[in-house]
Peer 1: 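Here's a structure for you.
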Amino acid sequence: MEFTIGLESPFSLEYTLESGQVFRWQNRGEWWYGVVSGGALKIKQEGDSLKCVTGSDSLDGAFVRSYFKLDVELEKVLSSIMKDETITLAVQTFYGLRLIRQERWECLASFVLATNSNIPRIKKMVQAVSARFGEPLQFEGIEYRAFPKPEILSEAPLSDLRACGLGYRAPFLKHVAASVEEGTVDFSELSLLDYEEARGTLVKGLLGEKLLPGVGPKVADCVLLYSFDKDEAFPIDVWIAREVVRSYPTLLDSSLRTKLAPEKRVKIGRRDYDRISSAVRSYFGPYAGYAQQYLFMMARSARS
DNA sequence: GTCCAACCTGTATC
DNA sequence: AGATACAGGTTGG
């Protein structure tokens, strides 16, 4: 199936797919190839239109619009977060970057794997898990693999998961898969909660019992921002922490400022995380997550 | 409640 | 070559 989508609001496919939200897209020539929601999809942007080719009937225009959240009026979102020169420059530099509405299970699993790692490595891990355990599918004569369902990974031998290069994350992934499969973590219930409650539930469980090992505040924020439409979520990794300390020192109180001084290794504890999080969320407002994504791109592009 | 080392492993750097 | 540091954190002491 082949179709074209007309864009009515700013969009950059490249920035969006390279912004570290998603790990299963790759650029080949003019096209981006991805496996989404159990089907293969390739996309090319030509100005204000999006050419799409897919092997799966469910990946239609409505799906693509929803996946990239093309209904979001990006200009309004961006003008609401452009509160100073730093974020304004970031927005101008990566104009058109959008948040993606990912599939929840895959998003959760991906970010459990993402801890203490980097983007190329995360892509390798997600790819290895898909290749080993995912359902095969054909597209343009090439075989792809869907991201494996929870029940597959919960029953996978730990040694097989470790063989995918997951390291200490292997038992976390298996356990999280089991919780999702059993329904002890219920995505549709979670989506009804507000941001704070949902984050607490992901990290600590509804009754305060830990049921998602490998899910701390950073992973929870990623999952909520990228797959639950919680636009105020502001995931804080080392890049963002450095950027906040560098460009927004006044948002932090003096003790935190000293502790995270630019020269020092940034290693933030739970308490620091919560303090930075509430500071930036009250500064940027309900679309703080967009600010995070633009600042993240800026921080990474500035690395040497 | 807060701090800290340990955790798998791939890659970069010396 | 072999060692070391570090990577989009989290856990358990």
Side-chain angles (χ1 to χ4, degrees), chain A residues 15-25 90 94 97 99-100 102 106-129 132 158-176 179 199-200 202-205 208-227 233-246 253 255-256 258-260 263-277 280 288-289 291-304:
Chain A
Y15 292 151
T16 299
L17 293 180
E18 284 182 341
S19 66
Q21 307 175 60
V22 284
F23 305 106
R24 295 213 70 198
W25 285 91
F94 297 101
L97 167 60
L99 290 175
I100 293 174
Q102 297 185 43
E106 178 175 340
C107 184
L108 173 60
S110 298
F111 283 95
V112 164
L113 298 182
T115 69
N116 210 17
S117 191
N118 52 41
I119 292 175
R121 173 110 194 267
I122 300 164
K123 284 185 174 172
K124 272 191 178 175
M125 290 189 283
V126 174
Q127 174 54 37
V129 168
R132 171 69 182 78
L158 218 42
S159 53
D160 288 12
L161 288 170
R162 281 190 183 277
C164 295
L166 309 188
Y168 67 87
R169 306 164 191 83
F172 291 171
L173 181 61
K174 185 175 161 96
H175 200 291
V176 167
S179 295
R199 192 175 76 158
L202 275 172
V203 174
K204 292 169 65 181
E209 80 291 31
K210 186 77 192 172
L211 38 83
L212 296 178
V215 178
K218 156 66 166 65
V219 172
D221 274 334
C222 288
V223 171
L224 292 174
L225 181 60
Y226 301 143
S227 68
F234 193 100
I236 301 167
D237 53 46
V238 294
W239 295 98
I240 286 295
R242 285 182 197 132
E243 187 62 29
V244 171
V245 173
R246 194 171 71 84
D253 60 38
S255 64
L256 205 49
T258 325
K259 184 175 176 183
L260 303 181
E263 283 305 299
K264 303 185 182 175
R265 299 218 190 304
V266 182
K267 187 85 175 175
I268 55 176
R270 178 58 202 268
R271 181 102 182 119
D272 304 331
Y273 191 103
D274 288 341
R275 279 198 279 200
I276 299 173
S277 173
V280 292
Q292 187 271 358
Q293 209 63 27
Y294 279 89
L295 290 173
F296 177 69
M297 288 291 269
M298 207 60 180
R300 278 175 46 83
S301 71
R303 79 194 190 283
S304 55

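Naming convention: chains lettered A, B, ... in sequence-line order (proteins, then strands); numbering from 1 in each chain.
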Peer 1: When rounded to the nearest Å, what value does the distance between C1' atoms of C:dC6 and B:dA6 take?
Peer 2: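 After rounding to an integer number of Å, I get 15 Å for this pair.
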Peer 1: How many angstroms lie between CG in A:L173 and NE2 in A:H175, if you round to the nearest 0.5 Å?
Peer 2: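 NE2 of A:H175 is found 12.0 Å from CG of A:L173.
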Peer 1: Between C:dG9 and A:Y168, counting only base atoms on the nucleotide and side-chain atoms on the residue, is there a donor-acceptor pair under 3.5 Å?
Peer 2: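 Pair found.
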Peer 1: With heavy atoms under 4.0 Å as the rule, sort A:I122 into base, sugar-phosphate or nothing.
Peer 2: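 It contacts nothing in the nucleic acid.
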Peer 1: Nearest nucleotide by nearest heavy atom, which residue falls closer to the 5' end of DNA chain C, A:G20 or A:L212?
Peer 2: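 Going by which nucleotide is closer to the 5' end, it is A:G20.
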Peer 1: C:dG13 P sits how many Å from A:K210 NZ, rounded?
Peer 2: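 Rounded to the whole Å, the gap is 15 Å.
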Peer 1: Whether the A:S19 and A:Y294 side chains hold a donor-acceptor pair (N or O, under 3.5 Å, no angle test) is what I'd like checked.
Peer 2: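 Note: A:S19 and A:Y294 side chains miss the donor-acceptor criterion.
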Peer 1: Figure out the CE/P separation between A:M125 and B:dG10, and round it to whole Å.
Peer 2: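 Rounding to the nearest Å, CE of A:M125 and P of B:dG10 are 10 Å apart.
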Peer 1: Fill in the dot-bracket string of DNA chain C, one character per base: . for unpaired, | for a pair to another strand, ( ) or [ ] for pairs within the strand, taking Watson-Crick or G-U pairs under 3.5 Å.
Peer 2: .||||||.|||||
Peer 1: A:M298 has an atom CE; how far is it from atom C1' of C:dG8, in whole Å?
Peer 2: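 About 18 Å, once rounded to whole Å.
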Peer 1: Does one side chain, of A:D221 or A:Y226, offer a donor that lies under 3.5 Å from an acceptor on the other?
Peer 2: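 No.
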Peer 1: Mind checking if A:P120 touches a base, just sugar-phosphate, or nothing, with heavy atoms under 4.0 Å?
Peer 2: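 If one applies the 4.0 Å heavy-atom cut-off, A:P120 turns out to touch nothing in the nucleic acid.
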Peer 1: Taking the side chain of A:R169 as heavy atoms from C-beta outward, which of C:dA7, C:dG9, B:dC8 is closest to it?
Peer 2: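 Nearest to the side-chain atoms of A:R169, counting from C-beta on, is B:dC8.
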Peer 1: Ignoring hydrogens and geometry beyond distance, is a side-chain donor-acceptor pair present between A:Y15 and A:Q293 at under 3.5 Å?
Peer 2: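 Per modelled atom types, A:Y15 and A:Q293 side chains form no pair under 3.5 Å.
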Peer 1: Atom OG of A:S227 and atom CZ of A:F111: how far apart are they, to the nearest 0.5 Å?
Peer 2: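 Reported to 0.5 Å precision, the distance equals 9.0 Å.
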Peer 1: Using the P atom in both, what is the distance from C:dG8 to B:dT13, to the nearest Å?
Peer 2: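 Approximately 13 Å lies between the P atom of C:dG8 and that of B:dT13.
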Peer 1: How long is the gap from CG on A:L211 to OG on A:S179, to the nearest 0.5 Å?
Peer 2: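 Here the rounded value is 5.0 Å.
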Peer 1: From the options C:dA7, B:dC8, B:dG10, select the nucleotide whose nearest atom is closest to the side chain of A:K124.
Peer 2: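 When the side chain of A:K124 is considered, B:dG10 is the closest of C:dA7, B:dC8, B:dG10.
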Peer 1: So what does A:G216 hit on the nucleic acid, given a heavy-atom distance under 4.0 Å: a base, only sugar-phosphate, or nothing?
Peer 2: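 Sugar-phosphate contact only.
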Peer 1: Let's test your reading of the model: under 3.5 Å, does the base of C:dG8 pair with the side chain of A:Y226 as donor and acceptor?
Peer 2: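 By the distance-only test, yes, there is a pair.
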Peer 1: What about A:R121, does its side chain sit under 3.5 Å from the base of B:dT9 through a donor-acceptor pair?
Peer 2: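 Side chain to base: pair present.
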Peer 1: With sequence neighbours excluded, give me every salt bridge (charged side-chain N to carboxylate O under 4.0 Å, His left out) pair touching residues 160-173 of chain A.
Peer 2: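 Output for this query lists A:R132-A:D160.
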Peer 1: Quantified in whole Å, what is the P atom distance between nucleotide B:dC7 and nucleotide C:dA5?
Peer 2: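 B:dC7 and C:dA5 have their P atoms separated by 16 Å.
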Peer 1: Which part of the nucleic acid does A:S110 contact within heavy-atom distance under 4.0 Å: base, sugar-phosphate only, or nothing?
Peer 2: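 Since no nucleic acid heavy atom lies under 4.0 Å of A:S110, the category is nothing.
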Peer 1: Would you indicate which nucleotide in C:dT10, C:dG9, C:dG8 comes nearest to any side-chain atom of A:N116?
Peer 2: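 Nearest nucleotide to the side chain: C:dG9.
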Peer 1: Rounded to whole Å, please give me the gap between CZ in A:R270 and C1' in B:dC3.
Peer 2: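 Going from A:R270 (CZ) to B:dC3 (C1'), I get 15 Å.
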Peer 1: Please give me the minimum heavy-atom distance between A:I100 and A:Q21, naming the atom from each residue.
Peer 2: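 So the two residues come closest at N-OE1, 2.8 Å.
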Peer 1: Rounded to the nearest Å, what distance is computed from the CG atom of residue A:L161 to the P atom of nucleotide B:dC7?
Peer 2: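 Those two atoms, CG and P, are 20 Å apart.
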Peer 1: Identify, between A:V203 and A:Q21, the residue whose nearest nucleotide on DNA chain C lies closer to the 5' end.
Peer 2: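 The answer here is A:Q21.
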Peer 1: B:dG1 and C:dG13: how far apart are their C1' atoms, nearest whole angstrom?
Peer 2: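 It comes out at 14 Å once rounded to the nearest Å.
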Peer 1: From C:dG8, B:dG10, C:dT10, pick the nucleotide closest to the side chain of A:V219?
Peer 2: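 Closest of the options to the side chain of A:V219: C:dT10.
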Peer 1: Taking it one step at a time, do A:R199 and A:D274 satisfy salt bridge (charged side-chain N to carboxylate O under 4.0 Å, His left out)?
Peer 2: CA-CA 12 Å; A:R199 192 175 76 158; A:D274 288 341; 3.1 Å; yes
Peer 1: Rounded to the Å, how far apart are A:Y273 OH and B:dC4 C1'?
Peer 2: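 That distance rounds to 20 Å.
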Peer 1: What is the distance, to the nearest angstrom, from the NZ atom on A:K123 to the C1' atom on C:dA7?
Peer 2: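 Value for this atom pair: 15 Å.
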Peer 1: Rounded to the nearest Å, what distance is computed from the CD1 atom of residue A:I119 to the P atom of nucleotide B:dA12?
Peer 2: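 It works out to 15 Å between those atoms.
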